[in-house]
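Hydrogens, waters and symmetry mates play no part in the numbers below; they use all other heavy atoms, side chains included. Remember, it's 1-based here, ligands and their atoms both numbered in the order they're listed.
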Amino acid sequence: MGKDPQFKRTIACIGAGYVGGPTMAMIAAHCPQYKVTAVDSNAARIAAWNSDTLPIYEPGLLDLVKKARGRNLFFSTDVEAAIAEAEIIFVSVNTPTKTFGEGAGRAADLQYWEKTARTIAKVATSDKIIVEKSTLPVRTAAAMARILNHNEKGVCFEVMSNPEFLAEGTAVVDMEKPDRVLIGARETDEGKKARDAIVEIYANWVPREKIVTSNVWSAELSKLVANALLAQRISSINSISALCEKTSADVMEVSHAVGMDSRIGRQFLRPSIGFGGSCFKKDILNLVYICDSYGMNEVARYWESVVTMNDYQKRRFVQNMIAAMFNTVAGKRIALFGFAFKADTGDTRESPAIDVAKQLVEERAKVVITDPKALDNAKIDLASLLTKIELAADPYAAAKGAHGIAVCTEWEEYRALNYQAIFETMEKPAFIFDGRNVLDHQKLFEIGFNVFPIGKPALKHF
Ligand code: NAD
Ligand code: UGA
């Protein structure tokens with residue numbers, strides 16, 4: 001199949017997940033002159049993209065999809081047809097941490113990427129630009145170019161890197177007004193031509209000065225480094241939260257004071273029960289693996305400590321709960337407010353709430369989980385514990401008869417609950433552990449709760 005003559009360019013994206021679906025919707029919405037097809041081997045996911053119940057919850061996404069779906073945006077399971085037709089192919093398949101063999105637990109599992117490259121090489125009958133949208137180890141493009149260009153059809157592939165920086169929950173805004181778009185290409189004539197084609201796409205809505213170009217390796221590495229630095233800031237402030245709890249300093253005041261230094265900046269200094277999400281841990285471990293493989297022990301251990309600190313923070317949160325509740329939570333009902341790894345998403349990948357729930361079940365607590373968007377995923381994540389936990393859509397029902405509440409996700413609606421009414425239905429003494437420091441602690445204390453924030457003095461009635 002050749003290019004559709006109705007459109008200036010034909011773009012495909014392999015992998016229609018949290019990144020592929022939204023990014024293609026954004027390109028299609030801003031570029032009616034391009035035909036954009038997102039394909040995925042997961043038929044249920046594609047069916048959902050073609051319905052009004054999208055496969056992921058993301059504010060503003062349905063409106064965005066509706067702008068272009070059926071006009072110049074298509075979702076399909078026919079991967080081969082999309083490859084055959086496209087001039088530019090974004091690849092946005094998952095690149096999880098390897099769970100087996102060499103590098104297990106650290107290296108990126110590139111099997112989905114490589115499979116995609118082989119399918120492209122098999123199906124393509126014309127030259128194509130291949131764009132790495134997935135987050136990949138530095139120098140992956142070289143391996144991909146080798147697989148792709150090792151064909152006997154004389155078809156040429158230009159592999160380039162265009163990592164994605166969107167965050168879940170704010171994906172639409174992040175893509176609409178990105179801090180930067182990064183495009184890494186080879187400094188050859190073909191590389192420059194491919195780079196210009198990708199720049200041209202983004203220039204439809206992103207100011208030119210925000211479109212940054214670099215060599216391929218810098219683009220690949222910059223993505224890992226951006227995530228590592230963001231996660232490092234969270235681990236840094238979380239490490240200080242532990243010190244604050246011992247010294248009666250208030251981590252919110254410390255975060256505010258240090259963040260006012262324009263050289264440090266305010267963002268990503270919110271203390272929490274730890275960072276979650278599908279990428280921070282995976283990408284740091286990938287960086288660690290790469291450094292180890294170059295024999296750079298000190299550099300590897302430095303970045304690894306960001307993950308170690310995060311594990312410590314999650315563990316510490318539960319240890320604090322147990323200590324506060326008279327050294328035992330066995331038989332006590334504990335309501336987890338929030339299960340998603342952050343607000344405004346139903347995603348629970350690597351959510352700290354998973355660890356909190358598992359640790360509490362191990363301590364024989366009766367765990368009840370409530371979340372406005374993530375209960376279906378919670379059911380999957382805790383499949384082996386379903387007889388030991390309860391899921392409740394309504395936070396008031398979750399808290400009824402509970403000894404304690406642990407806020408695990410900073411959903412806006414948890415700020416607006418009637419905590420007086422909740423207090424009255426709980427066992428006494430009633431505890432609130434605010435793992436996100438989002439509630440009005442003084443007010444809760446006045447209602448009668450014993451309040452344990454992160455990195456701040458507890459407010460206790462005993
Ligand atoms: P995801 O698991 O939601 O989506 C990946 C999709 O690829 C799945 O739907 C899967 O079915 C599909 N897929 C895998 N192999 C395929 C194949 N051979 N043919 C067709 N489809 C195939 O993952 P995601 O969260 O969208 O992440 C994708 C990449 O983007 C990862 O490398 C991730 O690190 C990176 N990233 C993610 C985010 C995020 O917020 N989730 C942000 C920036 C970058
Ligand atoms: C993160 C990055 O912010 C994106 O730029 C990147 O594209 C993406 O990873 C990716 O590569 O997947 P995301 O994980 O969706 O995005 O969400 P973040 O807002 O970064 O939050 C990650 C975790 O850190 C959440 O659990 C959040 O609650 C936590 N967090 C964030 C804190 O604990 N404190 C903060 O100050 C900020």
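When hydrogens are left out, the protein atom nearest atom 14 (C) of ligand 1 is Asn94 OD1, 3.2 Å; that is the closest non-hydrogen contact. Atom 6 (C) of ligand 1 has as its closest protein heavy atom Asp40 OD2, 3.4 Å. Looking only at protein heavy atoms, the nearest one to atom 34 (O) of ligand 1 is Lys282 NZ, 2.6 Å. Of all protein heavy atoms, the one lying nearest to atom 25 (O) of ligand 1 is Arg349 NH2, 3.0 Å. Of all protein heavy atoms, the one closest to atom 36 (N) of ligand 1 is Val19 CG2, 3.5 Å. For atom 13 (N) of ligand 1, the nearest non-hydrogen atom of the protein is Val93 CG1, 3.8 Å. Among protein heavy atoms, atom 18 (N) of ligand 1 sits closest to Thr116 OG1, 3.6 Å. Looking only at heavy atoms of the protein, atom 40 (O) of ligand 1 is closest to Glu168 OE2, 3.2 Å.
A 4.5 Å side-chain heavy-atom check between Lys98 and Gln111 finds every atom pair outside the cut-off.
Selection from Phe268, Phe165, Phe280, Phe275 by nearest heavy atom to atom 9 (O) of ligand 2 gives Phe280. Taking only non-hydrogen atoms, the option from Arg436, Glu350, Arg270 nearest to atom 36 (O) of ligand 2 is Arg270.
Relative ring orientation between Trp411 and Tyr57 is described as tilted, the plane-to-plane angle lying within the 30° to 60° band. Between Phe431 and Phe433, the ring planes are parallel. Angles under 30° get that label, and only those over 60° would be called perpendicular.
Close to ligand 2: Lys223, with a non-hydrogen atom less than 4.0 angstrom away. Using a non-hydrogen distance threshold of 4.0 Å, Thr135 does not register as a contact of ligand 2.
In terms of N/O distances under 3.5 Å, ligand 2 is not approached by Ser278. The shortest N/O to N/O separation between Lys133 and ligand 1 does not fall below 3.5 Å. Not one N or O of Tyr112 is nearer than 3.5 Å to an N or O of ligand 1, by distance alone. Checked against a 3.5 angstrom limit, the closest N/O atoms of Leu166 and ligand 2 fall inside it. Between Lys115 and ligand 1, a contact under 3.5 Å exists for no N or O pair. Between Asp283 and ligand 1, no pair of N/O atoms sits closer than 3.5 Å.
Applying the 4.0 Å criterion to heavy atoms of Thr95 picks out, from ligand 1, the atoms 31 (C), 32 (O), 34 (O). Numbered from 1 in the order shown, with element, the atoms of ligand 1 that lie under 4.0 Å from a heavy atom of Ser92 read 5 (C), 28 (C). Which parts of ligand 1 touch Ile14 is read off a 4.0 Å heavy-atom cut-off, strictly below it: atoms 19 (N), 20 (C). Close approach of ligand 1 to Gly15 (heavy-atom distance below 4.0 Å) involves ligand atoms 6 (C), 7 (O), 12 (C). Within the listing of ligand 1, atoms 43 (C) sit less than 4.0 angstrom from a heavy atom of Lys223.
From Leu385, atom CG reaches atom NZ of Lys379 across 15.0 Å, with rounding to the nearest 0.5 Å.
Of the heavy atoms in Cys279, only side-chain atoms (C-beta onward) come closer than 4.0 Å to ligand 1.
With no hydrogens or angles considered, a side-chain donor-acceptor pair links Ser241 and Gln313 at under 3.5 Å. When only modelled atom types and interatomic distance are considered, Tyr302 and Gln232 share a side-chain donor-acceptor pair under 3.5 Å.
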